[in-house]
Amino acid sequence: MELPKEYDYNAVEEKWLNAWQDSMYYFDRNSEKPQFIIDTPPPYPTGNFHIGNALNWCYIDFMARYKRMRGYNVMFPEGWDCHGLPTEVKVEEAHGITKSQVSREEFRRLCVELTTKNIERMRKSLRRLGFSIDWSNEYITMEPSYFVKTQRSFVQMYNSGMIYQQNHPVNWCPRCETAIAFAEVEYESRTTILNYLNFDKLRIATTRPELLAACVAVAVNPDDERYREYVGTEVAVPVFGHKVKVIADKSVDPSFGTGVVMICTFGDKQDVRWWVEHSLPLRKAIDRTGRMTELAGKYAGLTTEECKKAIIDDMKKDGILYKQEELSQNVGLCWRCKTPIEILSEKQWFVKIIADEILDTANKITWVPDYMKVRLENWTGTMEWDWCISRQRIFATPIPAWYCDRCGKTKVAKGEWLPLDPTQKKPPGACECGSSEWRGEEDVLDTWMDSSISALHVSGWLSGREPLLPTQLRPQGYDIIRTWSFYTILRTKALLDTKPWETILLNGMVLGEDGHKMSKSRNNFVVPEEVIRKHGADAFRQWAAIGGTTGSDIIFSWKDVVAGSRFLQKLWNIVRFSLPHLSDKPAEFKPVDRWLLSRLNRLVKDATEKMDAYQFDETFKAIRGFAWDILADNYIELVKSRLYGEAEGKEAAQYTLFVTIETLSRLLAPFLPYFSEEVYSHIKKESVHLQTWPEVNESLIDEEAEASGEMIKEIASAIRRYKSEHGMALNSSLSNIEIYSSLKDGSDIAGAANSRISLKTGKPGFELVAREIIPNMKMLGRTYRGRAKSIAEALRNMDPKLADSGSIALSVDGEKIILDSSFFVLEKEKLLKGKAVDVLEVGSAVVVIAKVITIPTSSQCTGR
RNA sequence: GGGCCCGUGGUCUAGUCGGUUAUGACGUCGCUCUUACACAGCGGAGAUCCGGAGUUCGAAUCUCCGCGGGCCCA
């Protein structure tokens, strides 16, 4: 059959995309094979699968396909982490409404509708990239079949005391009008104004004068002589006039501002610490929408910004504010909408964080690369308070709880009632107080409560079977170690007292071509669809494989993608050349065949080890190097003459080529699913993705075959170089070539050189003259330490002929030293006598070529 | 302010349990259209391995101090 000259990635990829069956990749619960379950990250259904996700999925797919070929029962599930604010915002935008303008059910329905549409789009991208996803294990967190598990995990942790309800300060986004967790707060350096105020008999400095109404104390450092006398007394808060205590606390910095600080409920995290330590009262001056409360008197109803301006103006007028200066400080922002957060005290639901248990569990997991574990440890060590899991939003998993209308008691659902939405359904039975009027909890769960049980879900937890825990692999980016890794470890430990995964594989971030994080404002944004359109999925996957070391950041580079598509073209040409010559009938090998097969088996060994260590870049580079350099540039060139004619050894070359191409297809299958399938389809009737990973045939790894093959290759290439340097065409023939070596078969060299070859043993009748002594520094340094340098120097300077006997005597600094041949290498020069010949030295072989008279080409004449 | 990673030819990168020709890709220059491939082959040029100090006979590699970049966080 005739193969097209150009590899048409588009046609090939489309063809196999339609031909492949999903069932090829299904996990089999009844299989005898060892399980390999991957806890795939469920992406947020934005509608676009971005390049960072794509990199991660490439890693997952390399592993999934590899493990399948290695005989594992692989589960590569695909989840969708649906809940959350961004979808709510999109829905509000799209329909021109706010969440409070429609009913909760209606708003949720709109969110589900949008999410469903987005998932559909992203599924297409996943398929096009050739990922071997097990679609029978897809999960969607907004569906009852999933969130029933989220709710049951909530109930179980509530019953075991791991979840509790409390009035506690929480991070609050006034724009989103919800509590958020620490993991959702990010910080940014901003310039603000530090205001100096006359504060009764003291002077204080504050960046947040709008919080004066919430001032509950004033603090000084206990060692600060200036204020010692005031500690324990009361002062009146300016503008508002209420009295607060002056307290002493050593964490007050005397050199900051005036050395006196006001404590408000709450200006920042430090206020919370002081508030707890000194048991201070609570004054709420800011409400859930970020506006001032009644407590703020005439400022009530203003936003914090408006209030700040107004109160500063007033205090300036009244002479309270006497000085202002600029100050750069870090402001906590909501990671979704970048609004500065407030700290409000609210009744919220919390998950207990037991740092020791988390660290202990993390230590039982293999971290790849291992230094990433430090990030989890650092994060765990900085937790200030428990994980706030309640959110005042709508599109999320409902908290299955109610409050008694009469006595206010909280009732949490029983596991068997779930799933349910407490705002839609009342609990059976009455409260202990006798009332059966219930108010459903309107707060919903943090999205991480959904996704932190992904490992449990895919393992089959609560599906009527024993969960297959731990799963084998968690692949994810290092940016969500503090969230997804942290929470998953916490939850798996709390719910099933085990670790979620055996191994966690961290991938780096994808940076734009300029080395910065991809962002629309930097205009360095690339989407996978664009790459696929221009170069195909297999080229994209090659960039993912070789763009960088696993775990490190990787820069997107069009050059790498182009190099990938060139490699496909090169491979295509190799296959196009080889196909008519393939034969699966074994035959007696020639030295070059044994060389290639030895190298091939070495490659298999190498690739297997590197895949097991998640070194995709190393694996792929090794395969590419073999295919391009060893197979194409050398082996094929050497056996062409055998393949074309009817000479002896033709069958051996055909068979060798068959074995090599067949093995190469399987090695490439995890990386280039489309290309390898196309090639394999021309060799066998089955899918390459249902084949086993190549086994190493140790008996074919043969040092001797490699040495003589290498020699043949080197000689052929030396002759090629000789022709090139003498301006001869590469297919021109040389009258006679004598090769002095241990080689027993020169036919392939003759073919490649298109010349007659005479094989000789021994050495040609040349005079060998020692030319140079090269010191072996490693040996000299070990033995002679400090004198190594001067000995080496002496060796270089002495007459090389003196070393002919094998050892050498010299005197350094008046001392006689005798060095045997292990301390130096003697470079010998071969002098020719008699005929005019050119001599090429190739390792231990000597190639003698009858001298040709070079007719200079015109370019050489004009050249110099 | 803390943590983690990184700084190697023009560009990107390998090498990092110390050993003297530092790997490869892209680019560049020269030659060659050799019955698979000019999206190729062959050959060449191009690096005092960010700076400084230290350890050592010997440092891209180990230690310390700088400088620079990136990410995660406070």
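Labels below follow one simple rule: chain letters A, B, ... track the order of the sequence lines, proteins then strands, and each chain is numbered from 1. Computed from a predicted model, the values in this text were never measured in an experiment.
Atom pair Gln542(A):CD and rA25(B):P shows a separation of 14 Å (rounding to whole Å applied). The nearest whole Å value for the distance from the CZ atom in Phe577(A) to the P atom in rG41(B) is 15 Å. Between Trp628(A) atom CH2 and rC39(B) atom C1' there is a gap of 8 Å when expressed in whole angstrom units. Atom OH of Tyr9(A) and atom P of rC39(B) are 17 Å apart (whole Å). Between the CZ atom of Arg576(A) and the P atom of rC37(B) there is a distance of 6 Å, rounded to whole Å. Atom CD1 in Ile636(A) sits about 13 Å away from atom C1' in rG41(B), given to the nearest Å.
Among the heavy atoms of the strands lying under 4.0 Å from Lys269(A) are primed sugar atoms or P, OP1, OP2 only; no base atom is included. Using a 4.0 Å heavy-atom criterion, one finds that Trp558(A) contacts no nucleic acid atom at all. Among the protein residues, Trp379(A) comes within range of the sugar-phosphate backbone only, with heavy atoms under 4.0 Å from sugar or phosphate atoms but none that close to a base. Base contact: Glu637(A) has a heavy atom under 4.0 Å from a base atom. Using a 4.0 Å heavy-atom criterion, one finds that Ile546(A) contacts no nucleic acid atom at all. The residue Tyr784(A) sits apart from the nucleic acid: no heavy atom pair falls under 4.0 Å.
Taking atom C1' in both rG3(B) and rU13(B), one finds a spacing of 26 Å when rounded to whole Å. Between rC67(B) and rC29(B), the two P atoms lie 41 Å apart (nearest whole Å). When the P atom is compared between rC65(B) and rC26(B), the two are found 41 Å apart, to the nearest whole Å. To the nearest whole angstrom, the two C1' atoms, one in rA22(B) and one in rG30(B), are 25 Å apart. With both ends at atom P, the span from rC62(B) to rA25(B) equals 26 Å, rounded to whole Å. Across the C1' atoms, rU21(B) and rA60(B) are found 16 Å apart, a figure rounded to whole Å. Taking atom C1' in both rC31(B) and rA45(B), the straight-line distance is 15 Å, to the nearest Å. Between rU8(B) and rG70(B), the distance separating the two P atoms is 14 Å to the nearest Å.
Aromatic ring orientation, Phe675(A) versus Trp572(A): perpendicular (interplanar angle above 60°, classes split at 30° and 60°). Ring geometry, Phe567(A) versus Phe620(A): the interplanar angle exceeds 60°, so the pair is classed perpendicular (tilted spans 30 to 60°). Phe616(A) and Tyr614(A) have perpendicular rings, their planes meeting at more than 60° on a 0 to 90° scale where under 30° would count as parallel. Using the six-membered ring where Trp is involved, Phe556(A) and Trp558(A) have ring planes that are perpendicular, over 60° apart on the 30 and 60° scheme.
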Intermediate values then yes/no, side chain to side chain donor-acceptor pair (under 3.5 Å), Tyr7(A) and Glu678(A): CA-CA 10 Å; Tyr7(A) 177 65; Glu678(A) 176 67 16; over 6 Å; no
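With respect to Lys713(A) and Asp629(A), no salt bridge is recorded, no charged nitrogen being found less than 4.0 Å from a carboxylate O.
Picking from rG41(B), rC39(B), rC71(B) the nucleotide with the shortest atom distance to the side chain of Glu6(A) gives rC39(B). Minimum atom distance to the side chain of Arg566(A) is reached by rA40(B), of the listed rA40(B), rC37(B), rG70(B).
When each of Asn634(A) and Arg624(A) is assigned the nucleotide of RNA chain B bearing its nearest heavy atom, the one mapping closer to the 5' terminus is Arg624(A). Position along RNA chain B of the nearest nucleotide to Gln569(A) versus Met509(A) favours Gln569(A) as the more 5'-ward residue.
When Watson-Crick and G-U wobble pairs are counted only if both distances are under 3.5 Å, rC71(B) pairs with rG3(B). With both pairing distances under 3.5 Å, rC57(B) is matched to rG19(B) as a Watson-Crick or G-U wobble pair. Look at rU11(B): its Watson-Crick or wobble partner, with both distances under 3.5 angstrom, is rA25(B).
Residues passing the side-chain contact (heavy atoms from CB on, under 4.5 Å) test with Ile504(A), sequence neighbours excluded: Ile365(A), Trp367(A), Arg474(A), Gln476(A), Ser485(A), Trp501(A), Leu506(A). Considering only residues two or more places apart in sequence or on other chains, Glu646(A) meets the side chain to side chain donor-acceptor pair (under 3.5 Å) condition with Lys650(A).
With Asn573(A) contributing its side chain and Gln569(A) its backbone, the two residues share a donor-acceptor pair below 3.5 Å.
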Generate the contact string for nucleotides 3-16 of chain B. Rules: B means base contact, S means sugar-phosphate contact only, - means no protein heavy atom under 4.0 Å. BBS-----B-SSS-
